[in-house]
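Here the structure is laid out as structure tokens; the discussion comes afterwards.
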Amino acid sequence: MKVSVTEAKARLTDLVRRAQAGEDVMLTRHGHPAVRLVAVETREVAGPTEAVREKRRRALEKLMKSAHKATPGPCAARSADFLYDEFGLPA
């Protein structure tokens with residue numbers, strides 16, 4: 001189907017519906033083809049497959065086993081002692 005751009009302004013909703021239904025819609029300017037309306041394919045985005053999930057789980061387990069354990073730091077009650085002198089005043 002060929003439609004002029006001027007006519008398409010008034011019939012845009014109808015033309016979009018026809019293009020989504022699979023009809024070939026060509027917009028013309030001064031009698032020459034200018035634009036073709038084409039429906040965008042929509043597809044559902046599926047989550048990862050079971051194999052991908054298993055591979056990720058194994059990689060995470062391997063990473064967790066190889067990670068270094070945290071070592072305890074200084075006692076929080078004494079961590080700021082260097083800021084004060086023996087009388088409790090700021091150093």
*Side-chain contact test, heavy atoms from C-beta onward, threshold under 4.5 Å: evaluate it for Arg18 versus Met1 and give yes or no.*
yes

*Determine the minimum heavy-atom distance between Ala39 and Ala19, stating which atoms define it.*
CB-O, 3.6 Å

*Report yes if some heavy atom in the side chain of Glu61 is under 4.5 Å from a heavy atom in the side chain of Leu63; otherwise report no.*
no

*So, the side chain of Arg29 versus the backbone of Val5: is there a donor-acceptor pair under 3.5 Å, distance only?*
no

_As a quick check of understanding, evaluate side-chain contact (heavy atoms from CB on, under 4.5 Å) for Leu27 and Leu15, giving each step before the final call._
CA-CA 10 Å; Leu27 303 184; Leu15 296 174; 4.1 Å; yes

_Would you compute the distance between atom NZ of Lys55 and atom OG1 of Thr49 and round it to the nearest 0.5 angstrom?_
10.0 Å

*For Arg36, look at atom CZ and say whether over 12 heavy atoms of other residues, nucleotides or ligands are found less than 6.0 Å away.*
no

*Report yes or no: do Tyr84 and Phe82 belong to one cluster of Ile/Leu/Val/Met/Phe/Trp/Tyr joined by side chain heavy-atom distances under 4.5 Å?*
yes

*Under 4.5 Å between side-chain heavy atoms, hopping through other hydrophobics if needed: is there a path connecting Val35 to Val25?*
yes

_Shortest non-hydrogen separation from Thr28 to Gly31 and the atoms involved_ = CB-C, 4.2 Å

*Rounded to the nearest 0.5 Å, how far does OG of Ser4 lie from CZ of Arg11?*
9.0 Å

*Do other residues, nucleotides or ligands put more than 12 heavy atoms under 6.0 Å from Arg17 CZ?*
no

